[in-house]
Number of protein chains: 2
Amino acid sequence: MANSQFAMAVHVLTMLADNCDERVKSSYLAKSVNTNAVVIRRLLSDLHDAGLVVSRTGYSGGTCLTKDPEDINLLEIYRAVSHGEVFSLHRQKPDKDCPVGKNIESVLCNLQKEIDSAIGERLGRYTLRDIISMVRRGEEVFA
Amino acid sequence: MANSQFAMAVHVLTMLADNCDERVKSSYLAKSVNTNAVVIRRLLSDLHDAGLVVSRTGYSGGTCLTKDPEDINLLEIYRAVSHGEVFSLHRQKPDKDCPVGKNIESVLCNLQKEIDSAIGERLGRYTLRDIISMVRRGEEVFA
DNA sequence: CATAAGTGTAACAAGAATAGTTACAATATG
DNA sequence: CATATTGTAACTATTCTTGTTACACTTATG
């Protein structure tokens with residue numbers, strides 16, 4: 001199944017950035033993302049582990065960013081929620097008796113790293129502040 | 001489940017490049033990749049659609065490359081087998097009544113395109129010939 | 001021309017990952 | 001104490017990829 005955690009994470013963090021002054025509830029985020037509040041809380045748990053948000057339980061609980069939106073870049077978000085790589089290596093180990101099978105994995109593994117770093121470089125260019133600006137510009141454009 | 005089509009495709013095409021002079025059988029490829037021959041034939045079908053290989057049925061049938069290895073770059077291979085993007089957008093459409101929900105998708109969609117083009121740029125740097133060289137170098141190193 | 005060795009592909013089962021749902025303990029406010 | 005909220009476990013549902021079986025069709029060869 002397609003993994004939409006990064007999309008949801010950016011969405012959620014943008015909402016939090018847009019409500020820096022208050023604790024935002026998972027049910028509120030869930031409504032905007034159009035999913036279940038538990039799904040949001042699981043996502044927030046990962047973002048918390050990455051040090052991006054902090055939550056409070058109980059009455060008037062909710063979640064806030066730990067930093068200013070301009071200090072959170074998309075690479076951090078990507079790293080916080082994405083397990084795995086751009087493309088996967090072989091599911092079953094190739095045949096070591098074949099000259100190609102024997103070495104193809106390490107070649108692909110290096111390639112994987114190179115692609116990942118290219119993605120990281122690109123994602124690192126944008127902060128949550130940029131996303132907010134783009135979202136707001138979109139609002140004007142399509143209003 | 002993790003998608004390993006690109007890894008398998010590079011593996012298979014490398015094998016074909018290593019055996020340019022003969023028609024290679026799906027069972028032979030399957031043994032090196034360590035999977036079922038039908039899985040290989042399905043993959044070859046995609047590669048055929050992309051114009052990278054040509055097959056022949058019947059007795060002494062099999063598959064060959066359509067071009068020299070130096071004329072096939074990794075981006076073509078990636079495009080031939082990968083459906084979908086680096087990260088997925090929302091599974092359910094976000095709430096259009098929320099200012100963020102309303103616009104976040106188009107922002108993420110543009111980001112998706114930008115990341116994809118970064119990947120494409122990087123993959124375009126390498127040809128199948130480069131992969132063969134790397135595989136061979138690996139052979140010497142670990143022999 | 002019969003047989004053997006292939007590909008192409010459909011149909012289905014198996015496996016794995018993501019997301020959705022329910023339930024409930026723990027926690028904080030008033 | 002009553003209420004609202006998070007955190008998380010457990011289970012189900014959905015979706016995607018891979019593996020397997022089966023078989024029609026194609027080609028070379030004796």
Nearest whole angstrom, please: distance from the [atom2] of [N] to the [atom1] of [X].
{"X": "A:Leu43", "N": "C:dT18", "atom1": "CG", "atom2": "C1'", "result": "13 Å"}
{"X": "B:Phe6", "N": "D:dT17", "atom1": "CZ", "atom2": "C1'", "result": "17 Å"}
{"X": "B:Asn3", "N": "C:dA17", "atom1": "CG", "atom2": "P", "result": "13 Å"}
{"X": "B:Arg41", "N": "D:dT18", "atom1": "CZ", "atom2": "C1'", "result": "15 Å"}
{"X": "B:Tyr28", "N": "C:dG6", "atom1": "OH", "atom2": "P", "result": "14 Å"}
{"X": "A:His48", "N": "D:dG7", "atom1": "NE2", "atom2": "P", "result": "8 Å"}
{"X": "B:Leu47", "N": "C:dT7", "atom1": "CG", "atom2": "P", "result": "14 Å"}
{"X": "A:His11", "N": "C:dA19", "atom1": "NE2", "atom2": "P", "result": "15 Å"}

Worksheet item: What nucleotide, of D:dG7, C:dA19, D:dG19, holds the atom closest to the side chain of A:Met8?
Response: C:dA19
Fill in: Pair A:Tyr78, A:Gln5: side-chain N/O donor-acceptor within cut-off below 3.5 Å
no
Worksheet item: Would you say the side chains of B:Ser55 and B:Thr63 form a donor-acceptor pair under 3.5 Å?
Response: yes
Item to complete: Could you tell me whether B:Ser45 contacts a base, only the sugar-phosphate backbone, or nothing, with contacts defined as non-hydrogen atoms closer than 4.0 Å?
Response: sugar-phosphate
Practice prompt. Using a heavy-atom cut-off of under 4.0 Å over every strand shown, decide if B:Arg42 touches base, sugar-phosphate, or nothing.
Written response: base
Worksheet entry | Closest non-hydrogen atom pair, A:Ala118 against B:Arg122 | CB-NH2, 3.8 Å
Worksheet item: Among residues 31-40 of chain A, which residues get a heavy atom nearer than 4.0 Å to DNA chain C?
Response: A:Thr35, A:Asn36, A:Val38, A:Val39
Practice prompt. Have a look at A:Asn103 and tell me which of B:Val135, B:Thr14, B:Ile131 forms a side-chain contact (heavy atoms from CB on, under 4.5 Å) with it.
Written response: B:Val135
Worksheet item: Which sits closer to the 5' end of DNA chain D, A:Gly61 or A:Ala2, going by the nucleotide each is nearest to?
Response: A:Gly61
Discussion item. My understanding is that only residues two or more places apart in sequence, or in another chain, count here; which of them pass side chain to side chain contact (heavy atoms under 4.5 Å, CB included) with A:Ala9?
Written reply: A:Leu43, A:Leu47, A:Ile77, A:Val81
Response to the item:
Sorted by chain and residue number, the side chain to side chain contact (heavy atoms under 4.5 Å, CB included) partners of B:Glu85 (sequence neighbours excluded) come out as B:Gln112, B:Asp116
Discussion item. Would you say that more than 12 heavy atoms from the other residues, nucleotides or ligands in this model lie under 6.0 Å from the NZ of B:Lys93, or not?
Written reply: no
Item to complete: Not counting sequence neighbours, which residues clear side chain to side chain donor-acceptor pair (under 3.5 Å) with A:Arg125? List them please.
Response: A:Glu121
Fill in: Pairs involving residues 47-68 of chain B, ordered by first then second residue, that meet salt bridge (Lys or Arg N to Asp or Glu O under 4.0 Å) (sequence neighbours left out)
B:Lys67-B:Glu76
Response to the item:
Separation between OG (A:Ser27) and CZ (A:Arg41), nearest 0.5 Å, reads 8.5 Å
N/O contacts under 3.5 Å, protein versus nucleotides 1-4 of chain D?
unit_1, atom_1, unit_2, atom_2, d
D:dA4, N3, A:Tyr59, N, 3.3

Worksheet, complete the sentence: Closest to the 5' end of DNA chain C, once B:Leu44 and A:Arg91 are matched to their nearest nucleotides, is B:Leu44
Side-chain N or O of [X] less than 4.0 angstrom from OP1 or OP2 on [N]?
{"X": "B:Arg56", "N": "D:dA28", "result": "yes"}
{"X": "A:Gln5", "N": "C:dA19", "result": "yes"}
{"X": "A:Ser4", "N": "C:dT18", "result": "no"}

